[in-house]
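Quick note: residue numbers are just sequence positions, from 1.
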Amino acid sequence: VTDLKNSMSQMVTVIQSQKDAIIINEDYFSVGSKGGQVYVDVASNVDYDIDVSDAWIKYVDTKSLQNHSVAFEVQPNMDKIDREGFVKFI
């Protein structure tokens with residue numbers, strides 16, 4: 001962007017995504033042992049399904065969130081052993 005009158009300019013980045021895209025705001029979330037909700041912002045121009053790897057991560061289907069924000073409830077970790085699960089947007 002250039003202001004010729006004042007000889008000023010500012011660069012902006014333009015990114016062109018592939019035709020079909022699912023873009024996630026973060027790819028890693030750390031949740032304490034008490035559990036809690038995780039919100040994932042999703043930008044997409046295609047329909048997608050959600051596949052959760054473990055029963056202790058539950059997809060929360062809510063209509064109150066906007067802009068493709070997807071919620072998950074992480075259950076408390078009673079074993080106090082580190083665990084890792086995955087959510088796949090497909």
*Any residue meeting side chain to side chain contact (heavy atoms under 4.5 Å, CB included) with Phe86, in chain and number order, not counting sequence neighbours*: Ser53, Glu84
*To the nearest 0.5 Å, what is the distance between NZ (Lys58) and CD (Glu73)?*
9.5 Å
*asked:* Distance check, rounded to the nearest 0.5 Å: Tyr59 atom OH versus Asp49 atom CG?
replied: 10.0 Å
_Quick check: do Ile22 and Ile24 have side-chain heavy atoms less than 4.5 Å from each other?_
yes
*Can you name the side chain to side chain contact (heavy atoms under 4.5 Å, CB included) partners of Val31, sequence neighbours left out?*
Val38, Val74
_Flag for Glu26-Tyr28: side-chain donor and acceptor within less than 3.5 Å_ = no
*Please list, chain by chain and in numerical order, all residues satisfying side chain to side chain contact (heavy atoms under 4.5 Å, CB included) with Asn25, sequence neighbours excluded.*
Phe29, Val40, Asp41
*Test side chain to side chain contact (heavy atoms under 4.5 Å, CB included) applied to Asp27 - qualifying residues, sequence neighbours left out*: none
*Determine the minimum heavy-atom distance between Pro76 and Lys34, stating which atoms define it.*
CG-O, 3.6 Å
_Could you check whether any side-chain N or O of Asn77 sits under 3.5 Å from a backbone N or O of Asp79, counting only pairs where one atom can act as donor and the other as acceptor?_
yes
*Give, for atom CD1 of Ile57 and atom CD1 of Ile50, the distance between the pair rounded to the nearest 0.5 Å.*
12.0 Å
_With rounding to the nearest 0.5 angstrom, report the CG to OG distance, Asp82 to Ser33._
10.0 Å
